[in-house]
Student: 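Supplied in C-alpha cells, the structure appears directly below.
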Amino acid sequence: MGKTKNLKELMANNGTYVILIAMCVLITIVRPAFISVDNIMSVLNAATVYGCMALGMTYVIISGGIDLAAGAEVAFAGVLGASFGQTATAAAGKVFPGLPELPFIVPVFITLAAGFLIGAFNGFLISTFNTPPFIVTLGMTTVLRGATLLITGGQPVSNLTNGYVVLGQNLFGVVPSVVLVFLVLIVVDSVLLRRTVFGKSVYAIGTNERAAAVSGVKVPSRKIIIYAFSGLMCSVAGLIVAARANAIHPGAAVGYELIAIASCIIGGASPSGGTGSIRTTVVGALIISVLRNGLTLLKIESSWQTIAVGLVIVFACALDVRRNSSN
Amino acid sequence: MQNTNKASAISKFLGTYGILVMLLALVLVMTLINGISFLSLSNIQGILTQGSIYGIMALGVTFIIISGGIDLSAGSMVALAAVVSSSFGQLATASNRIFPFLPQLGIWAPLLVALIFGGLLGALNGAMVAKLKLFPWIATLGTFYIARGLAQVITAGKPVTQLIPSYSKIGGKIGILPVPALIFFICVAISWVLLNYTKFGCDTFAIGGNIGAARVTGININKTLITIYAFAGVMYGVAAFVFAGRVLSVNPGAAQNYEMSAISASIIGGTSPMGGKGTIWGVIVGTLILGTIRQGLTLMAVDAYWQQIAEGAIIVIAVIFAMMREKPRN
C-alpha cells in the first residue's frame, strides 16, 4: 500500500527521469551496443541541434507562446552565416564570390545576429498586433525557407573555413565540442531562467499575462526578447549543423521545431504556459534522442521514426492535460 | 454628424465587401502588369483549377477556425488520403500496385475511399481535440507528422502511378468549366447549407463564439467538435481526389504547405483567427485572391523562391489585418 503510493509519488515528481532510465535499460537489454561510450556520445551529439532549439523554445512555451519557425530559423541563420565562412578556394560554390576568407568570428557573429533579429521580428509581430503565435510563426517558416533558398539558389553552402571544422569535429577527451557548447548553454539558460528578473517575468507572462502587466512587467518588450532569445538559440543550432557537416543545406532542420517542442512538453512544460524548466527540457530532449537511437539500433526505418515522434508529442500533451486537470 | 454617418456607412460597406473590392483591385493591377491576356479564358480557368484544391480544403478549415480551432495537418492529410485512395484506382496491369490483391475498380472506389478515409482522419483530429482536450495546433501538428510518415510507409516512398483512365477526367474540363472548379462549387454549396441552415452550423458558431456559453445551452460540444473535424477531413478527401486527378502520379511528399494556403484563403476571406466568425462566400473570395496573386506572380516570371516568401508574408499580413479588425469587437 505504502509502496504503491511511493511509486506514484516517484512517477509524479520524477516521471521523465524514470522513463529516460527505463528506456536506456530496455534498449541496453535488447541491444547491448547502446551503452558503449561511442553510442552514448552519438546520442548526446544527436540531441545538440534540437536540444539547443528546445532551450529557447522552453522560454517561449513558458511564456504561453510557440515558435513554429524554429527549424526555418536554424536553416536561415546557419546558411546566412556560413555564406560568410567559406574558404577562399571554394570559388565554384561560393555564395558571395568576391568575399575573401574571413576570420571565424565573422560568420559566428552573423549567424547569431540573424537568429536574434529574426526572432525579435517574430516577437514584434506577435506582441504588437496580438496575433496568435502559431499562425504568425507558421507564416514566417515559409518566408524564411524561401529567403534561405534565395540566398543559396537552392544549393548547399559548403567548403567552410577551419573554425567550422574545429567546432564540428574536435573532441575534448571523448566529448565532441558541440556537446560541450550545448552543456554550457544548458547552464547559462538555466541560470537566466531561474535566477534573474527576466526569467521570473517569463513565468509571470505565461501564468497570467494581465496580472504580469499590472504588476509592472513590460509584456510587449519582454515578448520580443523571449522570441529573440529563441531565435538566438536556433542560430547556435544552425552553427552546429553547418560545423558538423562542414556544409549546410537550405532545407536543413525541416521539422526540427516539432522535436524541440516535443522535448519541452515531454519534459513537463505545459503548452498553456507558466510551467517548465531547462532541466526537464533537457531530459525531454534526451528521451527523444534515446528513442531515435534505439529505433535506429533496432533497424526501424525513418518513416516510422517520424510517426513515432508524432505519437510521442500527442501522448505527452495528453498526459499534460491529465496532470493539469487532476491538480 | 452626417460626415460620421457617411464614414461609418463607408466603413460598413468596406467591412462587408472590402475583400471583394480587394479582389477586383488585385485583378485590375495584375491585368495592368501582365496585359489583357490575364483576363483570357485559359488564364481564368488556370486560376480556378489551381485554386480549387486549396479552396476545397479551406472550406473544411473554415469550419474548424470558426469553432476556435486550427488544423495544421491539412496538407499531410491530403497527401495521405490521396495516396491511399489512388491506390484503389490503379490499373490492374500497373507494375507498382500498392494493393496487388485488388481487382481493377471503377472511379467510384477511390472517391469513396477518399471521402470515408478523409472523414476518419479528420474525426481522429477531432477526437484528440474534444476527448483528449489537446490544443488544436498541437494535436494537428502531431498528425501532420504521423500522416506524412504513414503516406511514406504505405508507398515505400514511391509515387502511386498508372491510375485508371477516368482519373484524368477529374483533372479535365466540361465545356469551358474545369472539373476541379465544378467540384469546388459543389463543396461550396454543401458547406454553405451546412454552415447557415443547420443546427450543426449554428453550434459551430456557438462553440467558437463562447464555448462555456455553448455548453450551458446544452450543445454536445464533443460530438460537434468531432463532426467539425470529420467534415473538414471529408473536404480534404475531396481535395485529395481532385489532386490525384490533376497530377495522375501521387507522391507521398505531395501537398506540402497546402495547409498554409487553406488557412490563408480562409483568413483572407474574413474568418476570424479567434473563432466565432466566418462566411463561405468569404472563403470563395479568399481563394480567388490567393489564386490571382499566385497566377499573377507566375506570369510575371517571379522567382519561385520569391513566390514562397510572398506566400508566407500573405498569411502573416492576413492575420495582422484580421486581428486589427478584431480590436473594435473587444
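Per chain, numbering begins at 1; letters A, B, ... match sequence-line order.
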Student: What residue in B/Leu141, B/Val153, B/Leu150, B/Thr143 has the most heavy-atom pairs under 4.5 Å with chain A?
Tutor: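 If we count pairs closer than 4.5 Å to chain A, B/Val153 comes out on top.
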
Student: Would you mind listing every side chain to side chain donor-acceptor pair (under 3.5 Å) that reaches into residues 59-71 of chain A, with sequence neighbours excluded?
Tutor: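 Output for this query lists A/Asp67-A/Ser230.
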
Student: Between A/Ile307 and B/Tyr145, is any pair of side-chain heavy atoms under 4.5 Å apart?
Tutor: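 In short, these two side chains do not touch, never coming nearer than 4.5 Å.
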
Student: Would you name the heavy atoms of B/Met260 and A/Gly139 that are closest together and state the gap between them?
Tutor: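 Result for this residue pair: CE-CA, 3.9 Å.
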
Student: Rounded to the nearest 0.5 Å, what separates atom OH in B/Tyr305 from atom OG1 in A/Thr152?
Tutor: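 Those atoms lie 6.5 Å apart.
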
Student: With a 4.5 angstrom heavy-atom cut-off, which part of A/Leu150 approaches chain B: side chain, backbone, both or neither?
Tutor: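 Interface part for A/Leu150: both.
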
Student: In this structure, which one of B/Leu72, B/Ile320, B/Ile65, B/Ile267 forms a side chain to side chain contact (heavy atoms under 4.5 Å, CB included) with A/Ile135?
Tutor: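 One option only clears the test, and that one is B/Ile267.
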
Student: Within the 4.5 Å heavy-atom criterion, are A/Ser272 and B/Phe135 side-chain neighbours or not?
Tutor: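 When only atoms from C-beta onward are counted, B/Phe135 and A/Ser272 do touch, with a gap below 4.5 Å.
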
Student: Side chain, backbone, both or neither: which part of A/Ile66 has a heavy atom under 4.5 Å from chain B?
Tutor: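 For A/Ile66, the side chain is the part near chain B, not the backbone.
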
Student: Are there residues of residues 308-318 of chain B that reach to under 4.5 Å of chain A by heavy atoms, and which ones?
Tutor: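 The stretch touches chain A at B/Gln308, B/Ile309, B/Gly312, B/Ala313, B/Ile315, B/Val316.
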
Student: How long is the span from the CZ atom in B/Phe144 to the CG atom in A/Leu68, to the nearest 0.5 Å?
Tutor: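 Answer rounded to 0.5 Å: 9.5 Å.
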
Student: For B/Met323 versus A/Phe129, what's the shortest heavy-atom pair and its separation?
Tutor: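 Minimum heavy-atom contact is CB-O, 3.5 Å.
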
Student: Find the distance between CZ (A/Phe134) and CD1 (B/Ile263) and round it off to the nearest 0.5 Å.
Tutor: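 Nearest 0.5 Å value for the CZ-CD1 distance: 8.0 Å.
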
Student: Run the side-chain hydrogen bond (donor to acceptor under 3.5 Å, both in side chains) test against B/Ser266 and tell me which residues pass, sequence neighbours left out.
Tutor: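 Applying side-chain hydrogen bond (donor to acceptor under 3.5 Å, both in side chains) to B/Ser266 gives B/Thr62, B/Thr271.
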
Student: Pairs of donor and acceptor atoms involving the side chains of residues 247-258 of chain A, under 3.5 Å and at least two apart or interchain, shall be tabulated with distances.
Tutor:
from     : atom 1 : to       : atom 2 : distance (Å)
A/His249 : ND1    : A/Gly251 : N      : 3.0
A/Glu257 : OE1    : A/Gly71  : N      : 3.3

Student: Counting C-beta onward and ignoring hydrogens, is there a side-chain heavy-atom pair between B/Val319 and A/Pro132 closer than 4.5 Å?
Tutor: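 Yes, at least one pair of side-chain atoms sits under 4.5 Å.
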
